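As the structure lists them, so they are numbered: ligands from 1, and atoms in each ligand from 1. Every value quoted in this text rests on a predicted model; they were computed, and no experiment measured them.
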Amino acid sequence: MAALKKTSWIWIDGEFKPWDEAKIHVLTHALHYGTGVFEGIRAYMSDGKIYVFRLKEHIERLFKSAKIYFMDIPYTIEEICRIVIELIRVNDVREDCYIRPIVFRGYGYIGLNPLNNPIQVAIAVFPFGKYLSSGGVRCCVSSWRRIPGYSLPPQAKACGNYINSVLAKIEALKSGYDEAILLDDKGYVSEGSGENLFIVKDGKLYTPPIYSDILEGITRASIIEIASDLGYEVYERPIARVELYTCDEAFFTGTAAEITPILEIDGRKIGDGEEGPITKRIRCMFEEAVRGKLPSYMKWLTEVSI
Ligand code: PMP
């Protein structure tokens, strides 16, 4: 994973501030209790243009996450979308980048009632390449289970949720794997530490449903659409752990991970241990779609004039 690459400006609470001056107090509520919600969005440079992938859907999810935690964002969805576009422009970004909007409870009161703490909103954009190895990853099933929805709703992309992912990721890395796969509390496959998961069996695709405590990924939805358009059947249903070991192909989807083939799980090769043909076909189509090469998926892109 690469270190952050600075850009010039970060937008925070209504102002564009120089990158190094976008700071918050150490007694910020969200720092102590995880009371924030955020998004990760990619923008792609292609033929001299910047395309933001599914901007509106990401900002809508941000608002839904905020609603779950009674956080009233003092801007509209349209305003936040416009600020993202403006931020890309003022930073004069001319390469693939990642956009990180965050809404969090700020400074003012200490203790678990967050309702009197101010809502702060910040957005950063920075150059970003691959998150996971593009050739594919070796995974383990984590000993940590995905947080169940009756304890913390995984459908909210909330800061505090990620402590669960961090435990699983560290465990995977320290055991010599690239990524963790978490099971839900019933033992069915849920998702990766920051990605949704698909398996391929006999030419059909399967992915865990919402009730397997996944974040409802925007890339996941895009892949369901692309795979269906390519004529594959896609099923959202609980996936047993052993199906991971015996499937023909498996891959992760996510904004950071994009489409990453899974080559091995708990020491078992998936297929012949290389990216499978269906994964490759879907991945190539996704990669063309995000760079504005496929007219039928231009609906997913917001062009930023630079
Ligand atoms: N699950 C988790 C836990 C994630 O953090 C992410 C990344 N946002 C995903 C799935 C994939 O979601 P998306 O495709 O919307 O990035």
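Taking any N or O of I218, backbone or side chain, at least one lies under 3.5 Å from an N or O belonging to ligand 1. Note: no N/O pair closer than 3.5 Å links T253 and ligand 1 by distance alone. No N or O atom of E216 sits closer than 3.5 Å to an N or O atom of ligand 1. By the 3.5 Å distance cut-off applied to N or O atoms, T255 is counted among the residues near ligand 1. Considering backbone and side-chain N/O atoms, E191 comes within less than 3.5 Å of an N/O atom of ligand 1.
Judged by the 6.0 Å distance and 45° axis criteria, R42 is not positioned over the aromatic ring of F128.
By the 4.0 Å N-to-carboxylate-O rule, K130 lies close enough to E258 to be salt-bridged with it. Using a 4.0 Å cut-off between charged side-chain N and carboxylate O, K6 and D20 make a salt bridge. A salt bridge links K56 with E60: at least one charged nitrogen is closer than 4.0 Å to a carboxylate oxygen. Of the charged side-chain nitrogens involved, none lies within less than 4.0 Å of a carboxylate oxygen, so that E288 and K293 do not count as a salt-bridged pair.
Near G217, with a cut-off below 4.0 Å to any heavy atom, the atoms of ligand 1 are 12 (O), 13 (P), 14 (O), 15 (O). The S193 neighbourhood of ligand 1 comprises atoms 3 (C), with distances under 4.0 Å to a heavy atom of that residue.
The protein heavy-atom contact nearest to atom 14 (O) of ligand 1 is T219 OG1, 2.5 Å. Considering only non-hydrogen protein atoms, atom 11 (C) of ligand 1 sits nearest to N196 OD1, 3.6 Å.
Distances from ligand 1 to the non-hydrogen atoms of S222 include no value under 4.0 Å.
Nearest to atom 7 (C) of ligand 1 by heavy-atom distance, out of S190, G254, S165, G194, is G194. Summarising the contacts of atom 8 (N) of ligand 1 with H58, K157, E39, R42, the nearest heavy atom is found in K157. Residue Y162 holds the heavy atom nearest to atom 4 (C) of ligand 1 of all those in Y131, Y162, F252.
A side-chain donor-acceptor contact under 3.5 Å links Y232 and R281. D185 and Y150 are linked by a side-chain donor-acceptor pair at a separation below 3.5 angstrom, with hydrogens and angles left out of the test. Checked by atom type, the side-chain pair E243/Y245 shows no donor-acceptor distance below 3.5 Å.
Between S142 and the choices E179, K169, E171, the side chain to side chain donor-acceptor pair (under 3.5 Å) rule is met once, by E171.
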